[in-house]
Amino acid sequence: MRYVSFIHRDPDSGYGISFPDFPGCVSAGDTVDETVQHGCEALAFHVEGLSADGEPIPAPRSVEAIRADPVLADWQRGADIVLVPLLSAGVSRGGSTFPSATVSSKP
């Protein structure tokens, strides 16, 4: 399962990554590769927290659906889109496990 992320370049501080399906889930890095790696970790941690709290995990939207969402127009302006895998679904991490079956099928 992969989620759309936006990567923005900040000339003064490197790169930032955010996830439109998970507002508030963000990370950063000095290079694109480092930023994507940190984004994978942030996404897994965020989903683990949602699962621990009994919250539904949204199903990933397609790139087309993200691009067509008018609410995201400003957020995606100037961003590169990268699909980031949810690596820990159904895998124990930090003593917690969340099954991929907790992922909501509703957008």
Side-chain angles (χ1 to χ4, degrees):
M1 175 171 0
R2 296 180 184 271
Y3 285 89
V4 172
S5 70
F6 296 146
I7 295 185
H8 287 94
R9 170 78 168 121
D10 184 334
D12 297 325
S13 63
Y15 298 87
I17 188 169
S18 59
F19 297 87
D21 288 326
F22 298 96
C25 181
V26 298
S27 194
D30 293 328
T31 66
V32 171
D33 287 340
E34 182 179 84
T35 303
V36 171
Q37 178 183 352
H38 291 173
C40 284
E41 294 165 0
L43 179 61
F45 184 73
H46 192 87
V47 168
E48 184 177 302
L50 290 173
S51 180
D53 291 343
E55 297 292 326
I57 310 305
R61 289 187 284 169
S62 69
V63 171
E64 294 77 18
I66 296 288
R67 287 185 187 208
D69 188 337
V71 173
L72 301 174
D74 287 338
W75 191 358
Q76 64 184 305
R77 188 170 292 120
D80 290 316
I81 292 178
V82 175
L83 294 175
V84 174
L86 178 57
L87 297 177
S88 59
V91 176
S92 178
R93 180 173 184 272
S96 298
T97 302
F98 53 92
S100 55
T102 62
V103 176
S104 170
S105 62
K106 297 176 185 173

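No experiment lies behind these values; they were computed from the predicted model shown.
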Measuring only between side-chain heavy atoms, which start at C-beta, is H38 closer than 4.5 Å to T35? no
Taking the side chain as C-beta and beyond, is there a heavy-atom pair between Q76 and V4 under 4.5 Å? no
Going from CZ on F19 to CG on L43, what distance comes out if it is rounded to the nearest 0.5 angstrom? 4.5 Å
Got a second to check how far L83's CG is from M1's CE, nearest 0.5 Å?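 Going from the CG atom of L83 to the CE atom of M1 covers 13.0 Å.
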Of all heavy-atom pairs between R2 and P60, which one has the smallest distance, and what is that distance? O-CB, 3.1 Å
Under 3.5 Å, is there a donor-acceptor pair between the side chain of D53 and the main chain of E55?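 No; judged by distance alone, with no hydrogens or angles, the pair does not exist.
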Once side-chain hydrogen bond (donor to acceptor under 3.5 Å, both in side chains) is applied, what residue pairs with a partner in residues 6-19 remain, sequence neighbours excluded? D10-S13, S18-W75
Is it the case that one hydrophobic cluster holds both [X] and [Y], taking links as side-chain heavy atoms less than 4.5 Å apart, direct or via other members?
X	Y	value
I66	I17	no
V47	V82	yes
V84	L72	no
F22	L86	yes

Output a table of donor-acceptor pairs, distance under 3.5 Å, between side-chain atoms of residues 23-34 and any protein atom two or more places apart or on a different chain; print 'none' if there are none.
residue, atom, partner, partner atom, Å
T31, OG1, E34, N, 3.0
E34, OE1, D30, N, 2.5

Test side chain to side chain contact (heavy atoms under 4.5 Å, CB included) applied to F6 and I81, step by step: CA-CA 5 Å; F6 296 146; I81 292 178; 3.9 Å; yes
